[in-house]
Visitor: 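One structure coming up, written as structure tokens, with questions to follow.
Heavy-atom basis, side chains included; hydrogens, waters and symmetry copies ignored. Atoms within each ligand, like the ligands themselves, are counted from 1 in listed order.
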Amino acid sequence: MGNDSAIVQAARVSYGKGTKQVNQDRGLIRYLMRHRHTSPFEMVQTKWHIKLPIFVMRQLVRHRTAAINEYSARYSVLSDEFYVPALEDVKPQSTNNKQGRGGDISEEDAEQVRQVIDMHNDSVYQLYQMLLGADSTMDFDGKGDLRLSDDFEGIARELARMVLPVNGYTECYWSINLHNLFHFIKLRADPHAQKEIRVFAEAMYQKCLEHWPMATEAFDDYVMGGAHFSRTEMDILRKVFKNEVIDDDMLEDFGLSKREIDEFRTKLA
Ligand SMILES: Cc1cc2nc3c(=O)[nH]c(=O)nc-3n(C[C@H](O)[C@H](O)[C@H](O)COP(=O)(O)OP(=O)(O)OC[C@H]3O[C@@H](n4cnc5c(N)ncnc54)[C@H](O)[C@@H]3O)c2cc1C
């Protein structure tokens, strides 16, 4: 709801005028983004219909500035759709990032992992249906000791769902203003974010380019592609700008830890 003009219109409210020329609009939007004059971007409201695995939904809901309405698994039966990572996304635990994946495993093992997840999805969904009363013939322990009676008509959907894994799909409507959406995209399209939420953030970014080309261009330039520097990093950059040569020892003399030096280098690279 609202295009680039809604942002410009809000920013120009003091003049009591609508939009001016397109190039002036672009300049104004870039000025607003550059100087973090954020409220005009809040004039644009966005609404998304998203289908996503539950473990990704758990990351989405952390963004408190959005309004959400989610599919009710108390009211309706959940579908048998489960997320299984693509072959190239099945990776071992990263050794240098506790919160991520890295390195490689063999293609054969990756395929086995996918198949095991598939099998688990099938069997757990069968259990769910059994708990709902759709199938009372399931033999849990293979010996016939753990069976439900022929009279069993199922337990409530709100209880049966608890056996389902977090790679099951859910759906929601998600509404957020453009300022907060950009904040979400900045955090979740970042390489540090999990791949499975990154694909959603990147898809939203593409939609933003379509609907708010000027605002998104400014966001891309100043926020997505920009970086923040600490006071110390700025002191170092000023010296570099004056053609002073800075080596690793000198960086430590500025009081930066090894990790900070690495992150500073990564930022500049
Ligand atoms: C790569 C990555 C890893 C993460 N790892 C973890 C993790 O291990 N564990 C975990 O629990 N979370 C984790 N998070 C979630 C993270 O801590 C934030 O909760 C999430 O990214 C939402 O960010 P936000 O609060 O800025 O966004 P929003 O909730 O959309 O809020 C936007 C802005 O509004 C303001 N705001 C909103 N509500 C409040 C409030 N109550 N008080 C003060 N200011 C507020 C803040 O300025 C905030 O930046 C991770 C996030 C990322 C991107």
Side-chain angles (χ1 to χ4, degrees), residues 1-2 6-7 10-11 29 32-70 83 85-86 88-103 165-168 170-209 211-212 215-216 218-231 233 257 259-269:
M1 196 171 65
I7 300 163
I29 285 178
L32 297 171
M33 186 66 75
R34 201 161 60 241
H35 294 279
R36 299 191 185 202
H37 184 171
T38 53
S39 50
F41 297 96
E42 294 170 23
M43 298 301 144
V44 170
Q45 191 63 28
T46 79
K47 184 170 73 173
W48 309 80
H49 182 186
I50 314 176
K51 184 167 136 189
L52 69 178
I54 290 168
F55 70 90
V56 180
M57 181 79 194
R58 284 174 67 168
Q59 298 182 337
L60 187 80
V61 296
R62 299 305 309 277
H63 295 268
R64 298 158 288 181
T65 44
I68 303 181
N69 200 75
E70 191 187 357
Y83 168 74
E88 65 272 18
D89 291 326
V90 179
K91 303 241 182 235
Q93 175 61 43
S94 163
T95 48
N96 56 8
N97 175 6
K98 291 200 170 110
Q99 225 181 16
R101 66 196 91 168
V166 289
N167 65 336
T170 182
E171 272 182 53
C172 68
Y173 275 91
W174 193 70
S175 180
I176 189 165
N177 70 43
L178 192 61
H179 166 66
N180 288 316
L181 178 63
F182 281 156
H183 178 67
F184 167 81
I185 293 173
K186 168 74 179 159
L187 291 175
R188 299 297 183 172
D190 187 273
H192 293 98
Q194 179 165 351
K195 156 92 193 262
E196 282 74 18
I197 194 162
R198 225 160 57 214
V199 295
F200 284 91
E202 284 162 2
M204 287 172 173
Y205 173 80
Q206 290 304 323
K207 284 281 167 203
C208 288
L209 274 176
H211 292 282
W212 308 282
T216 309
F219 164 66
D220 186 53
D221 200 3
Y222 296 118
V223 184
M224 281 284 273
H228 288 280
F229 294 101
S230 67
R231 180 192 293 274
E233 288 170 338
S257 68
R259 184 166 188 173
E260 282 174 311
I261 294 173
D262 284 348
E263 287 178 13
F264 184 36
R265 283 192 192 290
T266 306
K267 216 163 20 177
L268 292 172

Visitor: Can you sort out the partners of Val61 under side chain to side chain contact (heavy atoms under 4.5 Å, CB included), two or more places apart, ordered by chain and number?
Guide: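 Per chain and number, Val61 pairs via side chain to side chain contact (heavy atoms under 4.5 Å, CB included) with Met57, Ile68.
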Visitor: Can you see which heavy atom on Ala215 is nearest to which on Phe41, and at what distance?
Guide: CB-CE2, 3.9 Å
Visitor: Please verify whether a non-hydrogen atom of Gln59 lies at under 4.0 Å from ligand 1.
Guide: no
Visitor: Has His192 got more than 12 heavy atoms of other residues, nucleotides or ligands less than 6.0 Å from its NE2?
Guide: no
Visitor: Do protein heavy atoms approach atom 5 (N) of ligand 1 to less than 4.0 Å?
Guide: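 Yes, because at least one protein heavy atom sits under 4.0 Å from atom 5 (N) of ligand 1.
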Visitor: Pull out every atom of ligand 1 sitting under 4.0 Å from any heavy atom of His183, numbered as shown with elements.
Guide: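 The atoms of ligand 1 under 4.0 Å from a heavy atom of His183 are 24 (P), 26 (O), 27 (O), 32 (C), 49 (O).
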Visitor: With respect to Arg188, which candidate in Arg198, Met204, His63 satisfies the side-chain contact (heavy atoms from CB on, under 4.5 Å) definition?
Guide: His63
Visitor: Less than 6.0 Å separating the ring centroids of Phe184 and Trp174?
Guide: yes
Visitor: Kindly indicate whether atom 21 (O) of ligand 1 is approached by any protein heavy atom to under 4.0 angstrom.
Guide: yes
Visitor: My question is simple, although I want it checked carefully: is atom 39 (C) of ligand 1 less than 4.0 angstrom from any protein heavy atom?
Guide: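 Given the 4.0 Å cut-off, atom 39 (C) of ligand 1 counts as touching protein heavy atoms.
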Visitor: Report yes if some heavy atom in the side chain of Leu181 is under 4.5 Å from a heavy atom in the side chain of Leu178; otherwise report no.
Guide: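 Of all side-chain heavy-atom pairs linking Leu178 with Leu181, at least one is under 4.5 Å.
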Visitor: For atom 44 (N) of ligand 1, is the nearest protein heavy atom under 4.0 Å away?
Guide: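 So atom 44 (N) of ligand 1 lacks protein heavy-atom neighbours under 4.0 Å.
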Visitor: Is Arg188 touching ligand 1 with its side chain, its backbone, both, or neither, if touching means heavy atoms under 4.0 Å apart?
Guide: side chain
Visitor: Taking atom 32 (C) of ligand 1 as the reference point, report whether a protein heavy atom occurs under 4.0 Å from it.
Guide: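 At least one protein heavy atom is under 4.0 Å away.
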